[in-house]
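Side chains included, hydrogens not; waters and symmetry mates left out as well; all remaining heavy atoms used. In what follows, chains carry the letters A, B, and so on, assigned in the order in which the sequence lines appear, proteins first and then strands, with residues in each chain numbered from 1.
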2 protein chains.
Amino acid sequence: MPGKDWLPAAVRAVAIDRKLKSGEALFRFGDKTTGFCEVIAGRVRMCRVDRSGREVILFVAGPGETIAEASLFSTVYHCDAIASTDVLVRIYPKQALLAAFEKDRKAAQAFAATLARQVMNLRTRIEQRNIRSARERVRHYLGLNADAGGRSVSLPGTLKDLAAELGLTHEALYRTLAALERSGEIKRSKGKIALLRRRKI
Amino acid sequence: MPGKDWLPAAVRAVAIDRKLKSGEALFRFGDKTTGFCEVIAGRVRMCRVDRSGREVILFVAGPGETIAEASLFSTVYHCDAIASTDVLVRIYPKQALLAAFEKDRKAAQAFAATLARQVMNLRTRIEQRNIRSARERVRHYLGLNADAGGRSVSLPGTLKDLAAELGLTHEALYRTLAALERSGEIKRSKGKIALLRRRKI
DNA sequence: CGAGTGATTGACTTAGATCAATGACCGTGG
DNA sequence: CCACGGTCATTGATCTAAGTCAATCACTCG
């Protein structure tokens, strides 16, 4: 699962794995940037601390997600990264990365392409969150993630995870799916959802 | 306002402005990619049409926003772009861009940096949307957008715009701000919000 | 065989969406 | 210059969908 394939082999070769205990800092605001990271296991939160000492969370990264890409283009970090659980991260050293981009423009382009794709996906997720109704939100998701034929959607993880991604409580998601199934709009089976007829609006 | 400063002058020089009537397509799924765009005025929606003919919106871009960055790394578009209002867009031709990146690695890096920063911002916005409570959501926003001293936040546009960005109805935002002010947590003035004492949790 | 987690459903509550009305503040065009 | 139409800001009343709390069942894993 882990091991970003769009990274040049030369960079992957020099990646450093690091373990953190829950609560430990991977880096802190103002530290010199060393590279960007992939979370292998556990969760890391990126956050800042405001004047009143409150921690403001920017983003929490789970397994497979990357953090601090922007740090490649900056000399210091602009937020803290703290382990929220015991964590294993893989660090891709900045100089190796930039050097690779320098000599291999394909690699640089692959990196930019990955970022661009991420921007797209994130925008879509935000758009999704603009939909208030749980039912419509689920429909939006199903519509976007249907397979080529548009007949079914395969669920990657658990329904709980999906609920989190959709910004719903798991209960709300269960109920919504149940309602959609009752109304004959979908049919559920192990790890899959078949899309049946569509009702008008 | 418009005119992306991180773009090489050579590219900005060859940008093409184009007007679209509401409903007109800027490009469609499967079209060969010509470049990426900046919306100067109006709104453009990126969308797909699912098997049942329903339009699924990926993202709607307003003035100052860019679209289709990912198209630079693909030969065809993967969604439709339709004018939601009468629109003026600026198109940055793909070959000019890629050529510029080829010869000027600073330009390529600036582009990647912009994307990386966007990824960061978007993630933060999603995190924000994970906060259910309107009050906490507003606090999160204020905490993140406080000026250096952490004493005040200046409002870029109208409160309505802010409400949209926060994923709240404008009414909910007005009420929340009024409540925060009543409780002495903030003080509002023309285009600014001063942050006063903080209550415990 | 428990312990832990996901899936599911019920009952209840509430925060925020919706609908509605009002006043302030433009810009503009006659 | 002023009336008028438009948008923002604001507040009230009402309603409901989704969150919260809670209980149960099915599984899987040591």
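A donor-acceptor contact closer than 3.5 angstrom is absent between the side chains of B:Tyr141 and B:Gln128.
Across all strands, A:Arg188 comes closer than 4.0 Å only to sugar-phosphate atoms, never to a base (heavy-atom distances).
Taking atom CG on B:Leu173 and atom P on D:dC8, their separation rounds to 13 Å, with Å as the unit. Atom CG of A:Leu155 is separated from atom P of C:dA7 by 9 Å (rounded to the nearest Å). Residue A:Leu168 contributes atom CG, which lies 14 Å from atom P of C:dA7 at whole-angstrom precision. Taking atom CD1 of residue A:Ile131 and atom P of nucleotide D:dA18, one finds them 12 Å apart after rounding to whole Å. Here C:dA24 presents its P atom at 14 Å from NZ of B:Lys190, a figure rounded to the nearest Å. The CD1-C1' distance, from A:Ile193 to C:dA7, rounds to 13 Å in whole Å. D:dA18 atom P lies 10 Å from atom CD of A:Glu136, rounded to whole Å. Residue A:Leu159 contributes atom CG, which lies 16 Å from atom C1' of D:dC25 at whole-angstrom precision.
Counting heavy atoms from C-beta on, the side chains of B:Arg137 and B:His140 never come closer than 4.5 Å.
If you check distances only, the side chain of B:Arg132 never reaches the base of C:dG16 with a donor-acceptor pair under 3.5 Å. The base of C:dT9 lies outside donor-acceptor range of the side chain of A:Arg182, with no N or O pair under 3.5 Å. Taking only distance into account, the side chain of B:Arg135 never meets the base of C:dG16 through a donor-acceptor pair shorter than 3.5 Å. B:Arg175 contributes a side-chain N or O that forms a donor-acceptor pair with the base of C:dT18 under 3.5 Å.
The listed nucleotides are C:dT8, D:dT11, C:dA17; the one nearest the side chain of B:Ala178 is D:dT11. Closest approach to the A:Tyr174 side chain among C:dC19, C:dG6, D:dT10 is made by C:dG6 (side chain taken as heavy atoms from C-beta onward). If you check C:dG16, D:dT10, D:dG19 against the side chain of B:Ala134, the one that comes closest is C:dG16. Closest to the A:Ser133 side chain, of the nucleotides C:dC19, D:dA18, D:dT10, is D:dA18. Of the candidates C:dA17, D:dC8, C:dA20, the closest approach to any side-chain atom of B:Glu171 belongs to C:dA20.
Remark: A:Thr169 is in phosphate contact with D:dG19, judged by side-chain N or O atoms under 4.0 Å from OP1 or OP2.
Rounding to the nearest 0.5 Å gives a distance of 9.0 Å between CD1 of B:Ile126 and CD of A:Glu165.
Other residues, nucleotides and ligands contribute at most 12 non-hydrogen atoms within 6.0 Å of the NZ atom of A:Lys19.
Ring geometry for A:Phe29 versus A:His78: interplanar angle over 60°, hence perpendicular rather than tilted (30 to 60°).
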